[in-house]
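Keep in mind it's a predicted model, so treat the numbers as computed, not measured.
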Amino acid sequence: MAQDVNHPIGVFDSGVGGLSILKDIRAQLPYEDLIYVADSAHLPYGTKPAAYIQERSLMIAKFLVARNVKAIVVACNTATAAAIRTLRMRYTFPIVGVEPAVKPATCMTKTGVVGVLATNSTLSSDKFSNLIDRFGRSAEIIVQPCPGLVEQVEKGELSTDATRDMLKLYLGNLMSRGVDTIVLGCTHYPFLLPVIESLVGPEVQILDTGKAVAQELTRRLGADQMLAARTERGSEEFWTSGITSEVAKRIVALWGREVTVRALLEIGRTR
């Protein structure tokens, strides 16, 4: 199906974490229509087998293609690692993924020690292993699995004692090794940035990938002459495979304004 320059851009994640990417896309591309899918009935992706994540990603991509998207952003490190190669083999329009900002971190570190916070699935993926192989020679890279953090963000518990205690443990493991640069290897984690900064102090640099993803999407659309040809602000649509009323509350809290969230019954919402 041919894409029009004013067709929307699809963005998806296992839940609401990809809104951190969506915010950077909106800031970079104010005139584009955006469709966001939170696969909340199936989160977290970080504990699921790669084949399962790949299946979900293909189903969501099929839904987005039916809505005539001109590009897809896989706003999830775990889904990028598990499924982006398959998605790119199936579709010819731009598909942009995310990966932990290991390369810039190895250039920025002064101690030569970089920490990565991520899900188990991301850290155990071949894609992440290749990333470490490519850039791990110029710095020591300490990886820290973070079970439970995605769920805390999904519950809206961004600064509760339970969330702070988790972060104290995970960050303490990194700081004890001399880390001075920390990579947020999950799109949920930027929503925890205020607590992370309060725990590690101003001397530690913290990197995420939102702006880089938005810039790459802009570059790809520009190269294909597919940037929106309009001067009014673009719209946003929100869909979820989870319970719409619950997901809507989380999206409103993180997105910062009222939205309507629609049920994605077509791709297997569970109850």
Can you check side-chain hydrogen bond (donor to acceptor under 3.5 Å, both in side chains) on S40 and T240, steps first, answer last?
CA-CA 6 Å; S40 304; T240 185; 3.3 Å; yes
Take D39 and S241 through the side-chain hydrogen bond (donor to acceptor under 3.5 Å, both in side chains) test and state the conclusion after the steps.
CA-CA 5 Å; D39 195 17; S241 60; 2.6 Å; yes
Exam field: side chain K249 to backbone G156, donor-acceptor pair closer than 3.5 Å:
no
Among I251, T244, I243, which residue meets the side chain to side chain contact (heavy atoms under 4.5 Å, CB included) test with V247?
I251
Hydrophobic cluster of L43, others only, ordered by chain and residue number, side-chain cut-off 4.5 Å
none
Does K155 pair with E151 as a salt bridge, N-O distance under 4.0 Å?
no
Keeping to residues at least two apart or across chains, list the side-chain hydrogen bond (donor to acceptor under 3.5 Å, both in side chains) pairs with something in residues 137-148.
E140-R177, Q144-N173
Tell me, do F93 and M226 make a side-chain contact under 4.5 Å, heavy atoms counted?
no
When you check the gap from the basic side-chain N to the acidic O, do K70 and E32 get nearer than 4.0 Å?
yes
Is the backbone of A75 close enough, under 3.5 Å, to the side chain of T187 for a donor and an acceptor to pair up by distance?
yes
By side chain to side chain contact (heavy atoms under 4.5 Å, CB included), S124 pairs with (sequence neighbours left out) none
Measure up the F63 and W239 rings against each other and bin them: parallel (under 30°), tilted (30 to 60°), perpendicular (over 60°).
perpendicular
I196 vs L171 side-chain heavy atoms within contact, under 4.5 Å:
yes
Does the side chain of D224 come within less than 4.5 Å of P94's, by heavy atoms?
yes
Do you reckon L158 sits in the same ILVMFWY cluster as I206, going by side-chain contacts under 4.5 Å, direct or chained?
yes
Just by distance, with hydrogens left out, do H188 and Q152 show a side-chain donor and acceptor under 3.5 Å apart?
no
Taking only residues two or more places apart in sequence, or in another chain, which ones meet F238 in a ring pair (Phe, Tyr, Trp, His ring centres under 6.0 Å)?
W255
Does the side chain of V153 come within less than 4.5 Å of L192's, by heavy atoms?
yes
Answer yes or no: is there a side-chain heavy-atom contact under 4.5 Å between I182 and V116?
no
In a table with atom names and distances, give each donor-acceptor pair under 3.5 Å that connects a side chain of residues 78-87 to protein atoms at least two apart or in another chain.
unit_1: T78; atom_1: OG1; unit_2: T119; atom_2: OG1; d: 2.9
unit_1: T78; atom_1: OG1; unit_2: T122; atom_2: OG1; d: 3.0
unit_1: T80; atom_1: OG1; unit_2: V74; atom_2: O; d: 3.3
unit_1: T80; atom_1: OG1; unit_2: C76; atom_2: O; d: 2.8
unit_1: T80; atom_1: OG1; unit_2: V98; atom_2: N; d: 3.1
unit_1: T80; atom_1: OG1; unit_2: V98; atom_2: O; d: 3.4
unit_1: T86; atom_1: OG1; unit_2: Q54; atom_2: NE2; d: 3.3

Non-hydrogen side-chain atoms of V113 and I142 separated by less than 4.5 Å
yes
For F12, run the side chain to side chain contact (heavy atoms under 4.5 Å, CB included) check against I21, V73, I60 and tell me which one passes.
I60
Taking the side chain as every heavy atom from C-beta outward, state whether E236 and V259 have any atom pair closer than 4.5 Å.
no
Pairing residues for E99 by the side chain to side chain donor-acceptor pair (under 3.5 Å) criterion, not counting sequence neighbours
none
D161/K168 salt bridge by N-O under 4.0 Å criterion:
no
Taking C-beta and beyond as the side chain, do S20 and F191 meet within less than 4.5 Å on heavy atoms?
yes
Is there a donor-acceptor pair under 3.5 Å between the side chain of Q205 and the backbone N or O of M108?
yes
